[in-house]
Amino acid sequence: MSKWDFCKYWVPVLVWMAVIFPASADTHSYQHSSRIIEPLLRWLFPTMPQQTIEQIHEIARKCCHLTEYSIFAMLLWRALSRKPRSWRDWPVRKVGTVLLIVFLYASSDEFHQLFVPTRSARFTDVLIDTTGGALGLLALWLVQRAWRPAPQTR
């Protein structure tokens, strides 16, 4: 692999990993995000019960997990495929490799949270992150299917 190929395919993966990692620090904890999301919800919906606000806040945080790891999986797929034509091939082994990497990185992210006083590690978050990776791959597959040229008929 040339330096150009590494920069083109793997640097985006590494940059995205560097974006994800700080999200497990204190600055992105539930307490910090609640300072933004909850007042916004109270302003938009002044009569909304506090319990509902907290539920929406939690759902928003989990949607962020799904999104960041779906992007991670798509970038991994691109890096492992390298050639646009090979994007059309969906071998189970390559799908499994991407999901394994997503799972391991999500696990390391949760492990990191064990050492952050205001955070907690949850296996359910690893499952949500891995599901995000699977959804990212599914989205790629669906887009690819939609863009495939129709078979030639004679």
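Hydrogens, waters and symmetry mates are skipped; everything else that's a heavy atom, side chains included, is used.
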How many angstroms lie between atom [atom1] of [X] and atom [atom2] of [Y], to the nearest 0.5 angstrom?
X	Y	atom1	atom2	result
F21	S108	CZ	OG	7.5 Å
L40	I37	CG	CD1	8.5 Å
I59	C64	CD1	SG	12.0 Å
E110	H112	CD	NE2	11.0 Å
L104	L99	CG	CG	11.0 Å
S107	L100	OG	CG	9.0 Å

Fit a plane to each ring of F72 and Y105, take the angle between them on a 0 to 90° scale, and name the class: parallel (under 30°), tilted (30 to 60°) or perpendicular (over 60°).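 Geometry flag for Y105 against F72: tilted rings.
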Count I, L, V, M, F, W, Y as connected when their side-chain heavy atoms are under 4.5 Å apart, and connections chain through other members. Are [X] and [Y] then in the same cluster?
X	Y	value
L76	L14	yes
F123	L114	no
L41	W43	yes

Check whether any side-chain heavy atom of [X] lies under 4.5 Å from a side-chain heavy atom of [Y], and answer yes or no.
X	Y	value
W16	V13	no
K62	D125	yes
Y69	D109	yes
L80	W10	yes

A quick test of your reading: do over 12 heavy atoms of other residues, nucleotides or ligands sit less than 6.0 Å from CD of Q50?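 Yes, CD of Q50 has more than 12 neighbouring heavy atoms, counting only those of other groups under 6.0 Å.
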Exercise: identify the closest heavy-atom pair between [X] and [Y]:
X	Y	value
V11	C7	CB-O, 3.3 Å
E58	R122	OE2-NH1, 3.8 Å
I20	E68	CD1-O, 4.0 Å
P12	L75	O-CD1, 3.7 Å

Taking W77 for the side chain and K94 for the main chain, is one N or O donor matched with an acceptor at less than 3.5 Å?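 Side chain of W77 to backbone of K94: no pair is present.
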Pairs under 3.5 angstrom only: tabulate donor-acceptor contacts from the side chains of residues 127-140 to other protein residues two or more places apart or in another chain.
| unit_1 | atom_1 | unit_2 | atom_2 | d |
| --- | --- | --- | --- | --- |
| D129 | OD1 | H65 | ND1 | 2.6 |
| T130 | OG1 | V126 | O | 2.8 |
| T131 | OG1 | L127 | O | 2.7 |

